[in-house]
Participant: 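Before anything else, here's the structure in question.
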Protein chains: 2
Amino acid sequence: MSAAATEPPVDRRARRREEKFARILHEAWALARRDGLAAISLRELADRVDLRQPSLYAYFESKLDLYDAMFAQAYRVIVDRFRAMPAADDPRDQFVEMVRLSVQLASEDIVRHQLLFQRTIPGFEPSDASMAIAYELYDFGSDIMRRAGLTTQAHFDMATAVMAGLAHQQVANDPGGDRWERLAEPTVDLLLASVRAKPGRPTKKGSTR
Amino acid sequence: MSAAATEPPVDRRARRREEKFARILHEAWALARRDGLAAISLRELADRVDLRQPSLYAYFESKLDLYDAMFAQAYRVIVDRFRAMPAADDPRDQFVEMVRLSVQLASEDIVRHQLLFQRTIPGFEPSDASMAIAYELYDFGSDIMRRAGLTTQAHFDMATAVMAGLAHQQVANDPGGDRWERLAEPTVDLLLASVRAKPGRPTKKGSTR
DNA sequence: GTCTATATTCGGATAGAC
DNA sequence: GTCTATCCGAATATAGAC
């Protein structure tokens, strides 16, 4: 409330700070893509944003804190991309589209995929605030799966495994291609067929091992 | 049985060297499990095997070379575990067992899984000799899948994605548990059901990598 | 093969002036 | 917020004696 016509200097400063922070994050991603996530050097990062290395500490408290900011930003991007999916009439189509998008997202930015879904940075643990963004994504995805007919925990677990697996194989064995991405549709139909075959009970009798 | 009664000193020395090298690898794994793969310190590794840090260079040429040795050893262990699987009469059962074993292997040693299946060490590329061991595993697994009825490239790709996904989810979201491991059986049946629904063109033997 | 000694470079982080 | 200066520790790797 109450933003003056001429923006108070405080807000301008805050905005400049945000812009600079965004630039820092941008260059951090660039370095991560070049050398690997774990190999980001604060010295080189500072160089790229025209700062001296100690000045970075005005923007984050430690290197792990930087990773946390990258983690949160990456999840925000992905949540936005999920929300931007065209709404499909058929829930099955929507499910297919989500799986396809997941593989695409992993494929188009491998280090992002590593930071979010593989725990590779020694000592890094996402903050609660960052995890909250992650949970947004899972809720959104769960809705889509539920609408497509998945009901049990086992259904969900199979579906998430399939999504993770397609993405992983795409990234690991056909980077830049679509060999696993194009399996999104048939794989979803596989899952849905099994749901329809034995609704609410995708596992055999005695399903707890 | 042709070893001389008095073993030649050359062979004894060679064996001692191998034993020491094995000890080095053992402790390297221990450090990786404690601190993460990327955080292995040659100083601490040397301490643990009663050497000074520079002496390690009598056993490998660089740190990346150490990772390569770990990579090769890990694949050898896994190949052995695959070969040690009890033979099942039903190829479908054999397939189930393989998927279950894959998830178990990832679950029981997460850093091994990371080194083999996630490219997380900056600059590390397995040597040709190490990759040869990896291919052994893929050939072995391909045979099992083929016998279970998978014929097309798409079948294989789906199956490998499912295996990778179950393992990943198990490791990432239920470490120490069996929430995804117990989905091995129903998931294999899912795959096989789709194969029976629309059988594809057979692939040539050994042509899947 | 193992040692001591050292080179070299780099890392993240802090103190304190402006 | 940004700087200079610096700390302190860590890292991998090499040289050369024994």
Side-chain angles (χ1 to χ4, degrees), chain A residues 7-28 30-32 34-71 115 120-125, chain B residues 7-28 30-32 34-71 115 120-125:
Chain A
E7 216 175 1
V10 177
D11 287 7
R12 262 216 304 273
R13 247 187 279 134
R15 206 182 37 183
R16 282 195 66 83
R17 189 191 155 85
E18 273 167 39
E19 282 165 8
K20 188 89 177 182
F21 189 58
R23 197 176 149 207
I24 291 171
L25 283 185
H26 182 81
E27 295 298 332
L31 283 177
R34 196 195 61 186
D35 300 330
L37 264 176
I40 293 176
S41 151
L42 296 189
R43 287 183 145 81
E44 192 172 3
L45 176 56
D47 276 352
R48 286 181 168 226
V49 297
D50 303 306
L51 285 178
R52 306 296 158 201
Q53 174 257 337
S55 304
L56 290 175
Y57 284 79
Y59 294 93
F60 44 80
E61 293 186 338
S62 72
K63 196 182 179 183
L64 291 181
D65 196 47
L66 169 64
Y67 285 123
D68 191 55
M70 295 171 74
F71 183 94
L115 179 61
T120 181
I121 306 289
F124 170 59
E125 203 74 29
Chain B
E7 217 174 0
V10 177
D11 287 7
R12 262 217 303 274
R13 248 186 278 133
R15 207 182 36 187
R16 282 193 68 82
R17 189 191 155 85
E18 272 168 41
E19 282 164 8
K20 189 88 175 185
F21 188 58
R23 196 175 150 208
I24 291 170
L25 283 184
H26 181 81
E27 294 300 331
L31 284 176
R34 196 194 63 189
D35 300 329
L37 264 177
I40 293 177
S41 150
L42 296 189
R43 288 175 192 282
E44 192 171 3
L45 177 56
D47 277 352
R48 287 180 169 226
V49 298
D50 303 306
L51 285 179
R52 305 298 158 199
Q53 174 258 335
S55 304
L56 290 176
Y57 284 79
Y59 294 93
F60 44 81
E61 293 185 339
S62 72
K63 197 182 179 182
L64 291 181
D65 196 46
L66 169 65
Y67 285 122
D68 191 55
M70 296 170 73
F71 183 94
L115 178 61
T120 181
I121 307 291
F124 170 59
E125 203 74 29

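The chains referred to below are lettered A, B, ... by the order of the sequence lines, with proteins before strands, and numbering in each begins at 1.
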Participant: B:Ala39: which residues meet the side chain to side chain contact (heavy atoms under 4.5 Å, CB included) condition with it, sequence neighbours left out?
Facilitator: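 Expected list: A:Pro122, B:Asp35.
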Participant: Apply ring-ring contact (aromatic ring centres under 6.0 Å, His included) to B:Phe124 and list each qualifying residue two or more places apart in sequence or on a separate chain.
Facilitator: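 ring-ring contact (aromatic ring centres under 6.0 Å, His included) check on B:Phe124 returns B:Phe71.
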Participant: What is the distance, to the nearest angstrom, from the CG atom on B:Leu42 to the C1' atom on D:dA11?
Facilitator: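 From B:Leu42 CG to D:dA11 C1': 8 Å.
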Participant: Measure the distance from CG on A:Leu45 to P on C:dG11 and round it to the nearest whole Å.
Facilitator: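 A:Leu45 atom CG is separated from C:dG11 atom P by 11 Å.
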Participant: Using the test salt bridge (charged side-chain N to carboxylate O under 4.0 Å, His left out), find all partners of B:Arg23 that sit at least two apart in sequence or belong to another chain.
Facilitator: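 Residues passing salt bridge (charged side-chain N to carboxylate O under 4.0 Å, His left out) with B:Arg23: B:Asp50.
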Participant: Just how far, in rounded Å, is P of D:dA11 from CG of B:Leu64?
Facilitator: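 In whole Å, D:dA11 P and B:Leu64 CG are 16 Å from each other.
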Participant: For nucleotides 16-18 of chain D, which of its nitrogen or oxygen atoms have a protein nitrogen or oxygen under 3.5 Å away, and what is each distance?
Facilitator:
none

Participant: Between P on D:dT12 and CD1 on B:Ile121, what's the gap in Å once rounded to a whole number?
Facilitator: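 Atom CD1 in B:Ile121 sits about 12 Å away from atom P in D:dT12.
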Participant: Rounded to whole Å, please give me the gap between CG in B:Leu66 and C1' in D:dA13.
Facilitator: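 Result: 14 Å.
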Participant: Among C:dG12, D:dT12, C:dA13, which is the nearest nucleotide to the side chain of A:Ser62?
Facilitator: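 Of the candidates, C:dA13 comes closest.
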Participant: Identify the heavy atoms of B:Ala38 and B:Tyr67 that sit nearest to each other, and give their distance.
Facilitator: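 Looks like CA-OH, 3.7 Å.
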Participant: Can you tell me how far P of D:dA10 sits from CD of B:Glu44, to the nearest Å?
Facilitator: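 Answer to the nearest Å: 10 Å.
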Participant: Hey, does B:Ile40 reach any base, or is it just sugar-phosphate, or nothing, if we go heavy atoms under 4.0 Å?
Facilitator: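 The residue B:Ile40 makes sugar-phosphate contact but no base contact.
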Participant: Please identify each residue that fulfils side-chain hydrogen bond (donor to acceptor under 3.5 Å, both in side chains) with A:Arg48, with sequence neighbours left out.
Facilitator: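 If we apply the side-chain hydrogen bond (donor to acceptor under 3.5 Å, both in side chains) test to A:Arg48, skipping adjacent residues, the hits are A:Glu27.
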Participant: A:Glu44: what forms a side-chain hydrogen bond (donor to acceptor under 3.5 Å, both in side chains) with it, not counting sequence neighbours?
Facilitator: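 Listed in chain order: A:Arg34.
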Participant: Walk along nucleotides 2-9 of chain C from 5' to 3' and tag each nucleotide B, S or - by protein heavy-atom contact under 4.0 Å, base first, then sugar-phosphate.
Facilitator: SBBB----
Participant: Applying salt bridge (charged side-chain N to carboxylate O under 4.0 Å, His left out), name anything that partners B:Arg43, two or more places apart in sequence or on another chain.
Facilitator: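 B:Arg43 satisfies salt bridge (charged side-chain N to carboxylate O under 4.0 Å, His left out) with no residue once adjacent residues are dropped.
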Participant: Go through the structure and list residues passing side chain to side chain contact (heavy atoms under 4.5 Å, CB included) with A:Tyr57, not counting sequence neighbours.
Facilitator: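 With neighbours one apart ignored, the set is A:Leu42, A:Gln53.
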